[in-house]
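Here the structure is laid out as structure tokens; the discussion comes afterwards.
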Amino acid sequence: MQTFIGLLIPFIGTTIGSLMVVFMKNKINNLMEKLLLSFASGVMVAASIWSLILPSIEMSNTCIPAVIGFVIGIIFLIIINTVVNRINSNKKSMMIFAITLHNIPEGMAVGVAYAASISGTTSMTYAIAFALALGIAIQNIPEGAIISMPLKSRGYSKGKSFLVGMLSGIVEPLFGFITILLINLIVPILPYLLSFAAGAMMYVVIKELIPESRDDKYNLDVIGFTIGFIIMMILDVILG
């Protein structure tokens, strides 16, 4: 039961963030959207470093898997973006896909932590696994919001916007469970998967979030990014 609840925690974070759309009246304020997007950028950059890249390096005792996975993640998103743009010019679709994609290795990381705590063969405990799941859940709150709230602004109903945002996180408990079942096969390539997710996240930040959050008048892009980065950095260090 502890493991089952732990696997669900990151998904709950995404659900909470997506639920923010319910409190929207009509359209999200333009300045608020810029602040939210820049905040999410800071969170995603910090999460890429502390939750994905550094663990990738620590697991393999070298930076090679981190570099390879990161580059593959970038290249993969470039290819996907090219294909998506030919089919659909909606940038929001790309962001939803990328966030959903990076949730997969995060769910697998939680699965590995709980599998290790169950086996009792490492120093990993339920408390440490829970802290990791909680940290990812906190990171997922703004991610759920940046999916659901802009969708509402673009004409989607609150229910549909919430559902799309929530479902972007369903892959985490799913792949966490799969990882526990296939732990012996997944662990050797996990460093590559973690850095792959980091590359995917950084592509979205550079290509989509930062350009859309740019604000030359009030510097909300800089303020939001700084706040998001600091908060996520502190949470990753404390909870990680």
Ignoring hydrogens and geometry, is there a side-chain-to-backbone donor-acceptor pair from Lys158 to Val22 under 3.5 Å? yes

How many angstroms lie between atom CZ of Arg214 and atom CG of Leu220, to the nearest 0.5 angstrom? 13.5 Å

Out of curiosity, does Ile104 fall in the hydrophobic cluster containing Leu190 (side-chain heavy atoms, cut-off under 4.5 Å, transitive links)? yes

Treating Ile, Leu, Val, Met, Phe, Trp and Tyr as nodes and any side-chain heavy-atom pair under 4.5 angstrom as an edge, say whether Phe225 and Leu35 lie in one connected cluster. no

Counting distance only, does the side-chain N/O of Ser38 pair as donor-acceptor with the main-chain N or O of Ile210 below 3.5 Å? no

So how far is it from Leu209 CG to Ile206 CD1, rounded to the nearest 0.5 Å? 10.5 Å

Check whether any side-chain heavy atom of Leu7 sits under 4.5 Å from a side-chain heavy atom of Ile180, and report yes or no. yes

For residues Tyr114 and Phe130, determine if any side-chain heavy atom of one lies less than 4.5 Å from a side-chain heavy atom of the other. yes

For a 4.5 angstrom cut-off between non-hydrogen side-chain atoms, does Thr14 reach Met166? no

With Ile223, which residues qualify under side chain to side chain contact (heavy atoms under 4.5 Å, CB included), at least two apart? Ile227

Tyr156 side, atom OH; Leu163 side, atom CG - distance, nearest 0.5 Å: 12.0 Å

Ser18 side chain to Gly165 main-chain N or O, any donor-acceptor pair under 3.5 Å? yes

Are the side chains of Tyr218 and Lys34 in touch, meaning some heavy atoms are under 4.5 Å apart? no

If hydrophobic clusters are built from ILVMFWY residues whose side chains come within less than 4.5 Å, do Met32 and Phe162 share one? yes

Hey, could you give me the CZ/CD1 distance between Phe4 and Ile9, rounded to the nearest 0.5 Å? 11.5 Å

Closest heavy-atom pair, Leu151 versus Ile147, reported as atoms and distance to 0.1 Å, is CG-O, 3.1 Å

Passes side chain to side chain contact (heavy atoms under 4.5 Å, CB included), Tyr192 versus Ile72? Steps please. CA-CA 9 Å; Tyr192 296 91; Ile72 293 176; 6.0 Å; no

Between Asp215 and Asp221, is there a donor-acceptor pair closer than 3.5 Å when you use the side chain of the first and the backbone of the second? no

Measure across Ser60 and Ser56 and return the closest heavy-atom pair with its distance rounded to 0.1 Å. OG-O, 2.9 Å

To the nearest 0.5 Å, how far apart are CD1 in Ile170 and CG in Leu8? 8.0 Å

When hydrophobic residues are tied together by side-chain contacts of less than 4.5 Å, even through go-betweens, does Ile64 share a cluster with Phe196? yes

Nearest heavy atoms of Gly6 and Ala133, plus distance in Å: O-CB, 3.6 Å

Does Ser168 offer a backbone N or O that forms a donor-acceptor pair with the side chain of Asn103 under 3.5 Å? yes

Just list the side-chain donor-acceptor pairs under 3.5 Å for residues 39-50, sequence neighbours left out, or say none.
{"residue": "Ser41", "atom": "OG", "partner": "Leu37", "partner atom": "O", "Å": "2.9"}
{"residue": "Ser48", "atom": "OG", "partner": "Met44", "partner atom": "O", "Å": "2.7"}

Closest approach of Ser161 to Lys152 (non-hydrogen atoms, all atoms of both residues): OG-N, 3.3 Å

Hey, are the side chains of Ile78 and Lys207 touching, using non-hydrogen atoms and a 4.5 Å cut-off? no

Roughly how far, to the nearest 0.5 Å, is the CD1 atom of Ile12 from the CG atom of Leu19? 12.5 Å

Test your reading of the model: is there a side-chain donor-acceptor pair from Ser195 to the backbone of Ala198, 3.5 Å cut-off? no

Is any side-chain heavy atom of Leu194 closer than 4.5 Å to one of Met59? yes

Side-chain touch Glu33/Met149, heavy atoms, less than 4.5 angstrom: no

Hey, is CG on Leu31 packed in by over 12 heavy atoms from elsewhere, all under 6.0 Å? yes

Any side-chain heavy-atom pair of Met202 and Phe70 under 4.5 Å: yes

Looking only at heavy atoms, which two atoms of Leu77 and Ala200 are closest? And how far apart? CD2-CB, 3.5 Å

Under a 4.5 Å side-chain heavy-atom rule over Ile, Leu, Val, Met, Phe, Trp and Tyr, are Val204 and Val171 clustered together? yes

